[in-house]
Amino acid sequence: MTREQLTREVKRRARALGFHGVGVTDVRPLEDAEEQYHRWLHEGCAADLHYMQASAHLRAHPARVWPEVRSVLVLAVNYYSGEFDPLPPGYGRIARYAWGRDYHDVIPARLRRLVAEIERLLGRPVRARCVTDAVPLLERALAVRAGLGRLGWNACLITETFGSWVFLSEILLDVELAPDPAETRSCYSVFDCQRHCPTGAIRPDGLVDARLCLSYHTIENRGAIPRALRPKLSDWLFGCDICQQVCPHNARVPITDWPEFHPEAGVGQKLALAEVLTLASDDAFRARFRGTALRRAKRRGLLRNAAIVAANTGYEDAIPHLRRLASEDPDEIIRGHALWALSILDPCSSRSIVERALRDPHPFVRQEAEWALEMRAADR
């Protein structure tokens with residue numbers, strides 16, 4: 001079997017296993033992508049994602065990640081499972097990628113099955129590393145070089161059939177496969193994603209500033225969300241899909257045939273704010289969101305986000321929960337954001353809670369209390 005024949009058969013079997021896109025690239029360094037990545041880091045756009053800096057020397061070099069690699073198989077899975085229903089009062093919105101089960105738990109089994117298929121084709125064991133967002137690689141740049149799609153202004157990979165609603169994964173192989181031609185087309189120059197981003201995180205130079213990105217703040221940020229950005233969250237409890245929702249490349253995308261990514265397989269499109277605000281412990285949080293992407297935010301992050309969404313949406317039924325959290329929760333980030341939400345939803349009746357918070361042992365909580373009292377004084 002020639003290299004080209006082997007590559008065609010590997011692709012056929014990948015599609016038979018349910019992968020919607022499959023491409024092959026070689027292991028040359030991703031020089032242009034590396035330059036842009038280092039510029040992104042140098043300009044502070046990684047926020048406090050320190051692991052991005054620590055692994056910067058690896059990300060554009062597949063052979064540094066795994067010296068035995070001879071080719072990289074890049075795979076895409078459509079996760080689009082429909083449009084949002086109207087959001088009822090008292091709920092927060094979940095980004096589409098997190099509606100079903102966590103893709104980190106779902107995709108690896110099929111990657112291993114594909115490696116087994118390659119071994120059957122070759123009649124021998126192969127050495128491979130299956131990667132689902134678990135090693136430091138510029139996977140979107142690899143996908144572009146493997147011909148799977150173009151890079152959008154919002155830094156998402158945009159495929160021809162499934163738009164940007166795709167999960168990427170890779171198999172690093174010690175097998176020589178025939179590389180695909182790289183995608184050379186650029187994103188449509190309509191800049192809808194830039195115009196509609198509520199915080200201006202998508203820059204005209206092709207960089208996305210995590211310091212302004214709602215997805216970063218609602219998922220990755222472990223600390224306080226800047227006050228100026230809190231109203232921008234609107235009703236986004238976890239993640240943000242705005243730049244993808246307005247993207248013309250996403251106008252007509254088929255529903256995924258992976259049932260694991262449908263809403264009924266996980267948390268779905270929305271969560272009740274009262275349910276989130278009453279998660280009393282890390283154990284309760286982990287039990288509720290086991291097997292879903294929401295684990296990434298941790299209890300601190302999700303309750304912080306829920307407090308902000310309650311204030312943004314005027315959900316007054318959250319006030320008793322916010323009072324309890326502001327007074328009693330052991331986490332200072334939750335206490336502080338609950339105070340902020342109370343200052344908007346219930347500035348008069350919660351004054352005593354705010355005044356007590358001036359003696360809180362943590363400076364962040366004291367700062368939020370001082371701000372709340374200053375805002376109330378200014379409104380008089």
Side-chain angles (χ1 to χ4, degrees), residues 46-52 54-55 77 79-81 84 91-112 130-137 139 156 165-169 210 213-225 233 235-241 244 256 258-310 321 325 329-338:
D48 65 353
L49 299 175
H50 303 300
Y51 65 90
M52 293 285 198
S55 60
V77 176
Y79 68 82
Y80 180 78
S81 58
F84 281 99
Y91 282 80
R93 199 178 300 273
I94 307 297
R96 280 181 181 82
Y97 94 91
W99 287 4
R101 292 179 56 199
D102 189 345
Y103 72 98
H104 298 90
D105 299 334
V106 173
I107 293 176
R110 298 205 202 192
L111 296 177
R112 291 191 292 270
C130 297
V131 177
T132 309
D133 194 27
V135 302
L137 282 172
E139 62 176 4
C156 292
W165 307 112
V166 292
F167 295 130
L168 292 177
S169 57
C213 178
L214 297 186
S215 283
Y216 161 75
H217 280 293
T218 57
I219 301 173
E220 301 290 346
N221 182 2
R222 298 290 177 253
I225 294 179
L233 263 67
D235 55 18
W236 288 102
L237 179 63
F238 182 89
C240 174
D241 281 341
Q244 296 188 83
T256 184
W258 285 50
E260 299 95 331
F261 302 136
H262 283 232
E264 55 270 21
V267 297
Q269 302 182 6
K270 62 186 184 298
L271 275 175
L273 299 176
E275 178 192 0
V276 175
L277 293 170
T278 53
L279 290 167
S281 67
D282 290 338
D283 286 343
F285 171 85
R286 286 189 289 266
R288 173 64 179 88
F289 298 114
R290 183 176 294 113
T292 76
L294 274 74
R295 294 176 303 179
R296 183 74 180 173
K298 303 188 183 302
R299 176 182 179 269
R300 162 186 277 195
L302 202 63
L303 269 70
R304 173 201 62 194
N305 301 347
I308 295 173
V309 171
H321 306 306
L325 292 171
D329 198 87
D331 191 297
E332 67 275 5
I333 294 297
I334 295 173
R335 293 198 305 277
H337 286 80

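Note that this is a predicted model, so its numbers are computed, not measured.
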Student: Just to verify, what does Ala98 make a side chain to side chain contact (heavy atoms under 4.5 Å, CB included) with, not counting sequence neighbours?
Tutor: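 Side chain to side chain contact (heavy atoms under 4.5 Å, CB included) check on Ala98 returns Ile94, Phe238, Ala293, Leu294.
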
Student: At what distance, to the nearest 0.5 angstrom, does CH2 of Trp258 lie from CZ of Arg110?
Tutor: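 Trp258 atom CH2 to Arg110 atom CZ measures 3.5 Å (nearest 0.5 Å).
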
Student: Would you say the ring centroid of Tyr80 lies under 6.0 angstrom from that of Phe261?
Tutor: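 No, ring centres 6.0 Å or more apart.
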
Student: Mark yes or no for whether His337, through its side chain, and Glu332, through its backbone, hold a donor-acceptor pair below 3.5 Å.
Tutor: no

Student: Taking all atoms of both residues into account, what is the closest heavy-atom pair of Val267 and Arg288, and its distance?
Tutor: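 Smallest heavy-atom distance, with atoms named: CG1-NH1, 4.1 Å.
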
Student: Are Asp48 and Tyr216 linked by a side-chain donor-acceptor pair shorter than 3.5 Å?
Tutor: yes

Student: Drop me the distance from Phe289's CZ to Arg295's CZ, to the nearest 0.5 angstrom.
Tutor: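 Here the interatomic distance stands at 12.0 Å.
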
Student: Under the 3.5 angstrom rule, does the side chain of Arg304 hit a backbone N or O of Gly223 as a donor-acceptor pair?
Tutor: yes

Student: Return yes if some donor-acceptor pair links the side-chain N/O of Arg299 with the main-chain N/O of Leu279 below 3.5 Å, else return no.
Tutor: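 Pair found, side chain donor or acceptor close to backbone of Leu279.
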
Student: Kindly give the heavy-atom pair with the smallest separation between Ala95 and Trp99, and that separation in Å.
Tutor: O-CD1, 3.2 Å

Student: Is there a donor-acceptor contact under 3.5 Å from the side chain of Asn305 to the main chain of Leu237?
Tutor: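 A pair under 3.5 Å: yes.
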
Student: Please report the shortest heavy-atom distance between Leu303 and Leu277, naming the atom on each side.
Tutor: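 So the minimum-distance heavy-atom pair works out to O-CD2, 4.0 Å.
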
